[in-house]
Each structure stands twice: as C-alpha cells, then as structure tokens.
Chemist: 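Pasting in a structure now, in structure tokens, and then I'll have a few things to ask.
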Amino acid sequence: MRPGYIPRELTPLKGTSTLDHFAVFDIETSTWPDDVDLMSEEEVMAYHNKTIDPFLVCFYDGTKEAIYRGPDCLLEFLRNTLIKPYRGVPIFAHNGGKFDTVALFHLIRTTDEFKDFKIVPIFQNSRIMSMVVSKSDHAWSFRDSFSLMPHSLKKLAIAFNTGYEKAKMPSIAYEEDPDAWDAYCMNDCKALYALLQKFNTTLQSIGGSVGYTTASTAMKTFRHTYLKNPIANSLEFNNLFRKAYYGGRTEIFNMYAREEDGPFYYYDVNSMYPAVMHDYDYPIDRPIRQTDVRLSALEGKTGIMECEIEAPALEYPLLPYHADTGKLLFPVGRWHGYYDLDFIRKAEELGYAITPIRCWTFLTGPIFKDFIDTMYLIKKTETGAMREIAKLMMNSLYGKFGERQDMEEIVLNPASIEGLYLIDSERGYYTVKKKHYAAHQIVQIATRVTSLAQLKLYSLFEMIASRGGRVYYCDTDSIICNRPLPTSDELGDIKLERGGVLRKGIYLLPKVYINVPYDRDESIKTRAMKGFSKDFQNKRSFEDYEEALLTGDFSKFNEYRVSVCTAKKAIIQHLDGFVTCVEEKQIRNCYDKRTVNDDFSTKPVVVG
C-alpha cells in the first residue's frame with residue numbers, strides 16, 4: 001500500500017500468501033531458576049539484568065541442517081544466514097519474539113560487524129512479531145511462529161500430528177553430552193518446520209492464505225475465499241465508533257460458592273463469538289446519520305447510538321461502561337455512552353431510560369455465515385491440524401476489524417529525529433507515533449460482534465434467574481451458577497465444562513479463582529490466576545484462597561519470577577540487552593468492579 005493512501009473499502013483478495021519457502025532456527029542458552037519460592041529476595045534479585053549466554057544455534061530450511069556451537073554461535077549463525085540465498089525468506093523461531101529474535105536484535109545492534117545493517121522490529125504487544133534486518137537494498141525477515149500458531153510447540157506437535165514430538169531437554173551440561181543437545185535442538189527445528197509446512201498446506205486446502213499472525217491469516221482467508229462483495233470502511237468514523245466497542249464481560253456476583261449452597265455448574269458457550277457472527281447481519285456500507293433518533297423510528301435498523309443513560313436498580317445490569325480507571329463496569333446510575341442499537345433495545349426492555357442524542361445506521365448483510373459454517377463444520381468433524389486451524393480462524397477474525405489506527409514504532413539510530421520521542425539517549429532509541437490505515441479497520445463490525453456476544457451471555461443470566469438460581473461468576477463466554485441448564489454441542493449453545501459440576505469455589509478477582517469439582521481427576525483445570533506461573537498457581541490451595549478472602553491477607557499471592565527480558569522492556573528500563581529480569585506479581589487489593597457485601601455477594605456500583 002503506497003504511503004498516505006487511505007483505502008475506502010475492504011475488497012476480496014485474488015492472490016494468496018503461502019509458505020512455500022522458509023527456514024527455522026532455535027537457540028539454546030544458559031538457564032535460570034524456574035522456581036524461586038525457596039530463594040531469598042536477595043538471591044532472586046541477583047538474576048535481574050543478568051546476561052543470557054547462547055551456546056548452541058540450530059538452523060533448518062527443509063534441506064540444509066546447520067549447527068553452530070560455542071560462545072560465538074549466534075554470531076556464526078548470522079554470518080551464515082544474512083546471505084543472498086535467504087534474502088526475503090521468512091526465518092521462524094517459535095516464541096522467538098520473546099526469546100530467540102530478542103537475542104538477534106541485541107547482538108546486531110551492538111556488534112560493529114553489523115553497524116551498516118538496519119533493524120526494524122514490529123511489535124505485537126511486547127513480542128517481536130517480525131524483525132526485518134536490511135543492508136542497502138537487501139533484507140532478511142525473522143518471524144515468530146507463535147504469533148501464527150499461539151500454542152506451545154509440544155501442544156502443536158500433538159495436535160498437528162506431524163510425526164515429530166517436542167523432545168525433553170537434556171538434564172546435563174552441553175559439555176558433558178553435546179550430541180544430546182545437538183539432537184534436541186535440531187529436533188525442535190524440524191518439528192517447527194513440519195508444523196509450518198502442515199499449517200500452510202492445510203490452510204490452502206480450505207481456501208486460506210497465510211499472514212503474519214493468526215488474526216491476519218483469518219482476515220486473508222476470509223477475504224480470499226468468503227468475501228464476495230466489497231465492504232465500505234468509513235475510517236474517519238473509527239475513533240468515534242470505538243466508543244461503542246466493549247470487551248468481554250468478566251464479573252464476580254458472589255465471591256464465595258459455599259458447599260452448602262451447591263452444587264454449582266460451570267458452563268461455556270460453544271464458540272460464542274463465531275455464533276453471533278454466523279447468526280446476525282453486519283455493516284457493509286458507510287454510516288447513515290439519522291435525523292429522527294427515536295427508537296420507534298429506528299425499528300429494525302442496525303446502528304450505533306450516542307445517548308444519555310439512566311439505569312434501574314438491577315442485580316445484573318446490562319449496559320457496559322468504561323470507567324476512568326480503564327475498567328469495564330456494569331453499573332447502575334446515570335452516564336453518557338455509545339451503544340449498538342440492539343443493546344439499547346434490550347436496555348429499554350429492562351427499564352433503562354434512554355435519551356438519544358445522535359445515531360448512525362448501516363446497511364447490513366450476512367457476511368460471516370459461509371465462513372463460520374465451513375470452519376465450525378471442520379471443528380466438529382475433523383481432528384489434528386485441520387480442527388486446530390479452523391478454531392484459530394473462527395476466533396481470531398472479528399478482532400482484526402477492531403484494529404486501532406494509532407501505532408507506535410521503536411526506531412534505532414534514525415537519520416532524522418524530527419517528530420520522534422527519545423526513550424534511550426545512550427543507545428539511540430526513539431519512538432515514533434503513526435497513523436496506520438488499513439481496509440479491514442471497520443470497528444462498527446467488531447463493535448456489533450462484541451455487543452451481540454454480551455447480549456447472548458445476558459440471556460443466560462435471565463435463564464438462570466427464571467429457574468430461581470444465581471450467577472456466581474462469568475468470564476466472556478463462560479458462567480458459573482447454581483442451577484442446571486440444557487446443553488448441546490451446537491454452535492452457540494452451552495456445554496458443561498469437563499469437571500464442571502462443582503462442590504465449592506472462591507472468586508477473588510476476575511480470572512483469579514479456584515473451583516473444587518466433584519470429579520477428582522487431576523487433569524481437570526480447577527484454578528486460574530492470570531499473570532502468575534503455572535507452578536505458582538498449582539501450589540495455592542483452596543485454603544489459601546479462603547484465607548485471603550476471609551482475612552484480606554493476600555501475602556500468599558505474591559510471586560517473584562525470573563524470565564527473559566523482552567526487547568521492549570530492555571529498551572524502556574535501560575537494561576543491558578539479552579538479559580533476564582525479575583518481575584514481582586502480586587494481588588494488591590480486593591475486587592472493585594462491584595460493591596462487595598458482608599456475605600461476599602456483590603452488588604452493582606453506582607455512577608453519575
């Protein structure tokens with residue numbers, strides 16, 4: 001796309017992107033402690049800003065195998081890779097954006113041998129999704145396959161059934177058995193190569209096209225095979241309509257599911273976002289500003305309304321609200337907001353007082369139906385790679401429509417600093433803020449998907465209440481309650497999670513909880529603690545959660561973790577390069593998205 005060009009519509013794609021020629025690499029390095037529970041704070045902090053030393057690099061391009069050993073292994077790898085045969089060839093490492101590519105990034109920028117090379121990292125949050133290394137008119141591309149297939153290599157090898165398994169890391173030093181380490185590292189390379197091959201061929205068999213990420217792959221596949229007519233995007237409205245874009249609903253309605261009040265049931269909606277994408281029509285043309293904004297005049301229309309809201313006293317309020325803290329609340333009271341018209345109609349039915357201000361409507365069509373029909377059938381009837389790819393495609397597409405136009409890039413030693421922001425004078429790092437316009441940025445589509453998904457979740461609240469039950473916890477497409485509900489495996493229906501009949505549970509914060517199922521199978525997931533390591537989570541008992549809830553003492557929910565410092569964090573914190581860093585994760589305060597009562601039930605907060 002030429003600079004400054006602003007696309008006016010999303011059009012079908014004629015060509016496809018494939019991975020016909022690519023390579024992979026893997027780096028082995030010095031290690032650091034995984035479990036620091038028994039270490040003192042001083043011992044743990046000794047690992048902050050500690051250099052990580054690579055000792056082995058393996059490379060594979062489908063034909064050539066190369067192994068580089070010793071302290072200069074990474075340097076030798078680059079000398080043998082930044083050459084003519086690999087110009088323009090994507091070179092993948094799995095989770096490379098948080099490890100392998102980070103090592104390359106720091107080595108290239110600090111080594112005189114590469115002083116004439118330019119590095120352009122493209123970040124996906126803290127991960128280097130892609131890094132282009134160039135000299136004159138020649139460029140090499142290093143990519144993270146985790147952005148494309150967001151699961152561990154071990155899980156992917158099982159799901160894709162390529163004939164390779166993730167091998168167990170040798171337990172002895174490299175010097176003691178170099179052959180074992182060489183075999184381990186090369187096996188990882190060949191396993192990843194086979195995965196990417198199968199990803200590519202399987203995707204092509206269903207009319208797909210490969211992108212840099214799961215979401216961009218889903219978008220390319222949608223545009224290549226399933227989009228029949230152009231969709232107008234109205235990019236100038238994106239920031240305005242984004243005000244009606246709300247994420248998933250995660251709330252605690254009762255923090256303590258006591259055994260005497262059970263049993264409890266943990267349900268999940270079968271592919272909730274794909275379900276609403278399949279069942280409803282979505283905007284296909286530019287917004288139409290309505291002069292008559294009364295709801296009666298908007299009957300049957302799809303659109304976005306700006307309005308004043310007065311919410312009644314409901315146990316489960318419907319409409320979301322972006323608080324100044326950044327949290328998504330579901331309050332009672334009065335406020336001003338932007339909402340999908342289907343949200344507004346349901347709110348009025350529930351007793352909300354709506355005062356319309358402005359409204360835009362859209363012509364619509366069933367743009368996702370064929371795409372979801374195909375992918376869901378594959379998910380239900382296939383196994384292995386085909387099923388895994390269908391799941392990824394279904395769940396990743398809608399978010400691409402909500403992509404932001406505002407971008408921030410990190411620039412190393414720019415030729416001009418005009419318009420740039422300095423973040424590290426010693427190393428010459430700057431950031432530049434840009435506007436990025438893409439044809440798929442149609443936020444009104446993403447807004448409608450998430451709004452309809454929240455309405456679907458709310459219908460479960462109503463079903464439970466109609467049976468005399470109560471909701472204890474919900475998270476986007478799942479719900480825990482004290483009433484049995486009808487289940488099925490059809491798209492959009494609910495299923496009981498494995499081990500989903502519960503004796504008791506405690507819900508400290510959104511995505512921080514523990515359940516005790518009647519089924520004692522140890523493989524059943526019983527707890528979540530977002531941001532904490534799995535080992536740390538598994539060591540926390542029901543009694544630990546109970547003590548924290550009853551006393552307010554969260555000292556047992558404090559974890560020090562040693563990990564690789566991401567490239568972005570190393571830049572911002574002025575660390576020394578490819579190093580470890582120590583992070584402290586803790587639960588600092590109690591649940592505040594609703595007001596907590598003395599019996600640990602909760603009630604809506606009041607705004608306005």
Side-chain angles (χ1 to χ4, degrees), residues 10 12-13 16-17 124 145-151 155-156 159-160 195 198-228 231 245 247-249 267-283 365-403 440 442-443 445-457 475-478 487-495 497:
L10 183 72
L13 291 178
T16 59
S17 303
Q124 182 185 33
S145 52
F146 190 92
S147 295
L148 198 57
M149 302 179 292
H151 296 295
K155 181 177 179 180
L156 288 167
F160 279 48
L195 283 168
K198 195 157 189 178
F199 184 91
N200 181 51
T201 56
T202 305
L203 192 64
Q204 288 184 63
S205 73
I206 57 175
S209 189
V210 181
Y212 276 72
T213 65
T214 307
S216 64
T217 298
M219 179 59 74
K220 284 188 172 189
T221 300
F222 170 70
R223 292 179 66 182
H224 178 260
T225 304
Y226 300 94
L227 180 61
K228 305 305 180 186
I231 301 174
Y245 189 16
R249 182 171 190 164
Y267 295 104
D268 181 75
V269 180
N270 298 317
S271 302
M272 183 164 77
Y273 286 99
V276 297
M277 291 166 69
H278 176 273
D279 292 346
Y280 293 88
D281 290 354
Y282 288 86
I367 57 176
F368 297 125
K369 187 177 185 303
D370 290 345
F371 177 80
I372 299 299
D373 274 338
T374 301
M375 297 300 166
Y376 195 71
L377 180 62
I378 292 171
K379 180 189 172 186
K380 281 186 66 176
T381 59
E382 299 288 342
T383 58
M386 189 77 84
R387 184 178 189 275
E388 194 66 31
I389 289 172
K391 284 172 59 180
L392 290 171
M393 295 301 98
M394 281 199 305
N395 292 317
S396 303
L397 177 59
Y398 90 89
K400 198 68 176 169
F401 288 96
E403 184 178 84
H440 59 257
I442 312 176
V443 73
I445 290 178
T447 290
R448 183 152 174 77
V449 172
T450 55
S451 298
L452 292 169
Q454 282 204 26
L455 285 167
K456 191 168 191 67
L457 183 69
D475 184 353
T476 309
D477 61 354
S478 62
T487 61
S488 104
D489 64 353
E490 293 302 310
L491 178 68
D493 288 346
I494 61 171
K495 66 176 182 292
E497 286 280 24

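Note that the structure is predicted; figures quoted are calculated from it, not measured.
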Chemist: Taking only residues two or more places apart in sequence, or in another chain, which ones meet K369 in a side-chain hydrogen bond (donor to acceptor under 3.5 Å, both in side chains)?
Modeler: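 D373.
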
Chemist: Between Q204 and N200, is any pair of side-chain heavy atoms under 4.5 Å apart?
Modeler: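 Yes. Closest side-chain heavy atoms under 4.5 Å.
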
Chemist: Go through the steps to decide whether E382 and K391 satisfy the test salt bridge (charged side-chain N to carboxylate O under 4.0 Å, His left out), and finish with yes or no.
Modeler: CA-CA 11 Å; E382 299 288 342; K391 284 172 59 180; over 6 Å; no

Chemist: ring-ring contact (aromatic ring centres under 6.0 Å, His included) for F368 and Y280? Distances and angles first, verdict last.
Modeler: CA-CA 9 Å; F368 297 125; Y280 293 88; over 10 Å; no

Chemist: I need the single residue from H440, K400, E403 that forms a side chain to side chain contact (heavy atoms under 4.5 Å, CB included) with S216. Which is it?
Modeler: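 When H440, K400, E403 are each tested with S216, the side chain to side chain contact (heavy atoms under 4.5 Å, CB included) holds only for K400.
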
Chemist: How far does CG of N270 sit from CD of E490, to the nearest 0.5 angstrom?
Modeler: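 Between atom CG of N270 and atom CD of E490 there are 8.5 Å.
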
Chemist: Going by side-chain hydrogen bond (donor to acceptor under 3.5 Å, both in side chains), name the residues that satisfy it together with R387, two or more places apart in sequence or in a different chain.
Modeler: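 By the side-chain hydrogen bond (donor to acceptor under 3.5 Å, both in side chains) rule, R387 matches no residue at all.
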
Chemist: Listing request: all salt bridge (charged side-chain N to carboxylate O under 4.0 Å, His left out) pairs with a residue in residues 445-457, at least two apart in sequence or in separate chains.
Modeler: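 Only D340-R448, D342-R448 qualify under salt bridge (charged side-chain N to carboxylate O under 4.0 Å, His left out).
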
Chemist: For the residue pair M393 and I378, establish whether any side-chain heavy-atom pair is separated by less than 4.5 Å.
Modeler: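 Answer no - side chains too far apart.
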
Chemist: Under the ring-ring contact (aromatic ring centres under 6.0 Å, His included) test, which residues partner F199, sequence neighbours left out?
Modeler: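 Once residues adjacent in sequence are excluded, F199 has no partner under the ring-ring contact (aromatic ring centres under 6.0 Å, His included) criterion.
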
Chemist: Any non-hydrogen side-chain atom of D477 less than 4.5 Å from a side-chain atom of D268?
Modeler: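 Yes, at least one pair of side-chain atoms sits under 4.5 Å.
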
Chemist: Which residues pass the ring-ring contact (aromatic ring centres under 6.0 Å, His included) test with Y226, sequence neighbours left out?
Modeler: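 In terms of ring-ring contact (aromatic ring centres under 6.0 Å, His included), with neighbours along the sequence ignored, Y226 is linked to F371.
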
Chemist: Salt bridge (Lys or Arg N to Asp or Glu O under 4.0 Å) with E497: which residues, sequence neighbours excluded?
Modeler: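 Partners of E497 by the salt bridge (Lys or Arg N to Asp or Glu O under 4.0 Å) criterion come out as none, since no residue qualifies.
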
Chemist: Could you tell me if the side chain of N395 sits less than 4.5 Å from the side chain of P274, heavy atoms only?
Modeler: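 A side-chain contact exists here, since the closest heavy-atom pair is under 4.5 Å.
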
Chemist: Quick check: do I372 and M394 have side-chain heavy atoms less than 4.5 Å from each other?
Modeler: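 Yes - at least one pair of side-chain heavy atoms lies under 4.5 Å apart.
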
Chemist: Under a 4.5 Å cut-off applied to non-hydrogen side-chain atoms, are M375 and K379 in contact?
Modeler: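 Side-chain contact under 4.5 Å: no.
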
